[in-house]
There are 2 protein chains.
Amino acid sequence: MVAPDVAVAASEAIEPADPASADRRPRADAVRNRDLLITSAAAAFAARGADVSLEDIARSAGVGIGTLYRHFPTRDSLVEAVYRHEIDVLCQRADQLLETMPPDQALAEWMQLFVRHVATKRGMLSLLKPLLSTNPNFSDQTRGRATAAATKLLEAGVAAGTVRADVDGGDLLRAVGGICMSTDQERSEASERLVGLLFDGLRHGAAGPAATPPPAAASA
Amino acid sequence: MVAPDVAVAASEAIEPADPASADRRPRADAVRNRDLLITSAAAAFAARGADVSLEDIARSAGVGIGTLYRHFPTRDSLVEAVYRHEIDVLCQRADQLLETMPPDQALAEWMQLFVRHVATKRGMLSLLKPLLSTNPNFSDQTRGRATAAATKLLEAGVAAGTVRADVDGGDLLRAVGGICMSTDQERSEASERLVGLLFDGLRHGAAGPAATPPPAAASA
DNA sequence: AAGTATACGGAGGTTGCCTCCGTTTTGCAA
DNA sequence: TTGCAAAACGGAGGCAACCTCCGTATACTT
C-alpha cells in the first residue's frame with residue numbers, strides 16, 4: 001500500500017540509490033522536508049500522544065499540510081516512517097558505541113538506550129501495535145535490523161570474553177522489550193533497573209565455558 | 001470523573017436504589033434511553049470497531065445526540081458502561097446455566113460463552129485497555145465479579161465430583177482470557193478449541209483426591 | 001389537575017482530516 | 001548562464017465528527 005519508491009530515504013544513512021532503478025533521485029527539498037517531518041512527528045508523538053493533529057505536525061516542521069500528505073498519505077505511513085527512523089538511529093548508535101568503549105560497556109549503554117527509546121515511543125504505541133501485527137514484513141524488517149545490532153554487540157562482548165556466549169540477539173531483544181512492556185506505567189526507571197539486572201546476568205558466565213546452564217530469563 | 005449518581009442502573013438487575021441516598025429515582029424515559037444506548041453501542045462497537053461515530057450510535061438507539069452526551073459525557077464512559085453490562089450478562093448467564101444443567105456442562109458452556117463475548121468485544125479492546133489500566137477500581141470491580149461467577153461454577157462442579165478441586169476462579173479466568181488474547185486473529189474457533197482443551201483438563205482429576213499435580217496451563 | 005423539575009433533541013460552533021490545484025523551486029540541457 | 005519542464009510546495013475549502021447550549025416536551029409530585 002505504501003508507495004514503494006520512497007524505500008530507504010530515511011534521514012541519515014543516505015545510500016546512493018540503487019543504480020538499477022533508473023528513476024531520477026528525489027529533489028533536495030523533498031528529502032529535507034521528509035526528514036523534518038519525521039523528526040517533528042517523533043517529537044510530537046512523544047510529547048502529546050498518538051492523536052496529535054497532523055496539521056500541528058506539519059506546522060511544527062515548517063511545511064504545509066499538503067506536503068505532509070504527499071509524503072505520508074496516511075497517519076499510519078507516518079508512524080511507520082518514524083518507527084523505522086528510530087530503529088535506524090538505534091542501530092547506528094550500536095556501532096558508535098562499539099567504537100568508543102569496551103564491548104560490555106557498549107552493550108550496557110545500548111540496552112539503556114533501548115529502554116529510553118521505547119519510553120519515548122510510548123505515545124505511538126497504540127498506533128504501532130496494529131501496524132506491526134497487520135504488516136508482517138514491516139515487522140520482520142525492523143525486528144531483523146534490531147536483532148542484528150543486538151547480535152553484533154553480544155558477539156563483540158563474547159569475543160572480548162566479557163559477555164557470556166549462550167544468549168542470542170533475538171532473545172535479548174525480546175527480554176528487554178518484555179521488560180519495557182510489562183512496566184506499563186510512565187516511569188522508565190523501573191525498566192532501567194530491571195534491564196541493568198539483565199545485563200549483570202549477561203556478564204555472569206563470561207569467558208568461562210558455558211557449562212553452568214543460565215537461569216531462564218523471565219518474560220512477562 | 002464519571003457522574004457518581006448514575007451508579008448501577010445498568011439494564012437488567014435493577015436493584016431498588018439504596019434508600020439512604022434520598023435523591024429521587026431517575027425518570028422512566030431516562031432509564032429506557034440509557035439501556036437503549038448501551039445495547040446499541042455494544043452492537044455498533046462489535047460491528048464497526050472502536051471508532052464508530054457517536055452520532056451513529058445515538059441514531060441507531062433512536063435518541064438525539066444530546067441525550068447520549070448527557071448519559072455518557074465521554075466516549076470512555078460509554079465504553080465503560082458497555083463493558084460493565086457485558087460482565088453483568090455473563091454473570092447472570094452463569095447462574096442460569098447452573099440451574100438448567102449439570103455443573104460441569106454449565107462450566108463448559110460458560111467458558112465458551114466467555115470466548116464469544118470477548119470475540120464480540122474485540123472492537124472495543126483498544127479503547128478498553130487503557131481504561132482498565134488507568135482506572136484500577138473499575139478494573140477490580142469487573143474482574144472481581146467475573147471471578148466470583150467462575151468460582152461459583154467451579155465449586156458447583158467440585159461439589160458434584162465432576163471437576164477437579166485445585167483450580168481457583170481467578171486462575172481459570174486468566175487462562176481463558178490469555179487464550180483469547182493470544183489468538184490475535186479474528187477467528188475465535190482456535191480459542192474455542194483451546195478452551196475446550198482447558199476444560200478437559202479441568203475434568204481430569206475430578207472426584208479423586210487431587211494427588212496428581214496438574215500440568216501447568218501454558219499462558220501466552 | 002396543575003406545576004415543576006427533569007429529560008429530550010437537534011442546531012450550530014469548533015476542530016481535524018484530506019483533496020485539489022495554482023504557485024514556486026529545482027535539476028537538467030542547450 | 002539561461003530556459004524549461006517536472007517535481008514539490010502550501011493552503012483554501014469541503015466534509016465529518018465532536019461537543020455545547022437551550023427551547024421544548026414529558027414524567028413525577030401534591
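Basis for what follows: all heavy atoms, side chains included, without hydrogens, waters or symmetry-related copies. Everything numeric in this text was worked out from a predicted model, so none of it was measured. Per chain, numbering begins at 1; letters A, B, ... match sequence-line order.
A donor-acceptor pair is defined here as one N or O able to donate and one able to accept, closer than 3.5 Å; such a pair exists between the side chain of A:T39 and the backbone of A:L36. Put simply, the side chain of B:S139 never gets that close to the backbone of B:N135: no donor and acceptor are under 3.5 Å apart.
With rounding to whole Å, B:D29 atom CG is found 14 Å from D:dT24 atom C1'. C:dC20 atom P lies 13 Å from atom CZ of A:R70, rounded to whole Å. One atom, CG of A:D56, and another, P of C:dG16, lie 7 Å apart when rounded to the nearest Å. A straight line from CZ of B:F72 to P of C:dC8 spans 11 Å, rounded to a whole angstrom. Counting to the nearest Å, the P atom of C:dA11 and the OH atom of B:Y69 are 16 Å from each other. Rounded to a whole Å, the CG atom of B:L68 is 10 Å from the P atom of D:dC18. For the pair B:R34 CZ and C:dT6 P, the interatomic distance rounds to 18 Å; values are reported in whole Å. Atom pair A:I57:CD1 and D:dG10:P shows a separation of 16 Å (rounding to whole Å applied).
The residue A:S53 sits close only to the backbone: its heavy atoms come under 4.0 Å of sugar-phosphate atoms, none of a base. Note on A:N33: only backbone sugar-phosphate atoms sit closer than 4.0 angstrom, heavy atoms only; bases stay farther off. Residue-level contact check: A:L54 touches the backbone only, with heavy atoms under 4.0 Å from sugar-phosphate atoms and none from bases. Within 4.0 Å of A:A28, counting heavy atoms only, lie sugar-phosphate atoms of the nucleic acid but no base atom.
Residue pairs meeting the ring pair (Phe, Tyr, Trp, His ring centres under 6.0 Å) criterion with at least one member in residues 111-130 of chain B, sequence neighbours excluded: B:W110-B:F114.
Residue A:I65 has its side chain nearest to D:dG11 when only D:dG11, D:dC9, D:dC18 are considered. Candidate nucleotides C:dA7, C:dC17, D:dC9 were compared by shortest atom distance to the side chain of A:T67, and D:dC9 ranks first. Considering only the side chain of B:V63, C:dG9 comes nearest among C:dG9, C:dA7, D:dA12. Distance from the side chain of B:R27 is smallest to D:dT26 among D:dG13, D:dT26, D:dA8.
Rounded to 10°, the helix from C:dA1-D:dT30 to C:dA30-D:dT1 has 10° between the axis fitted to its first five pairs and the one fitted to its last five.
Mapped onto DNA chain D by nearest heavy atom, B:R32 and A:G62 fall at different nucleotides, with A:G62 at the one closer to the 5' end.
The base of D:dG10 is not paired with the side chain of A:R59 by any donor and acceptor separated by under 3.5 Å.
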Side-chain donor-acceptor distances from residues 57-68 of chain A under 3.5 Å, at least two apart:
residue, atom, partner, partner atom, Å
A:R59, NH2, A:D56, OD1, 2.8
A:S60, OG, A:I57, O, 3.1

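With salt bridges taken as basic N to acidic carboxylate O contacts below 4.0 Å, none links B:R93 and B:E109. Comment: B:D171 engages B:R174 in a salt bridge, judged by a side-chain N to carboxylate O separation of less than 4.0 angstrom.
Within a 6.0 Å radius of NZ in B:K152, no more than 12 heavy atoms belonging to other residues, nucleotides or ligands are found. Atom CZ of B:R75 has more than 12 neighbouring heavy atoms from other residues, nucleotides or ligands inside a 6.0 Å radius.
For B:H71, no side-chain nitrogen or oxygen approaches OP1 or OP2 of C:dA7 to under 4.0 Å.
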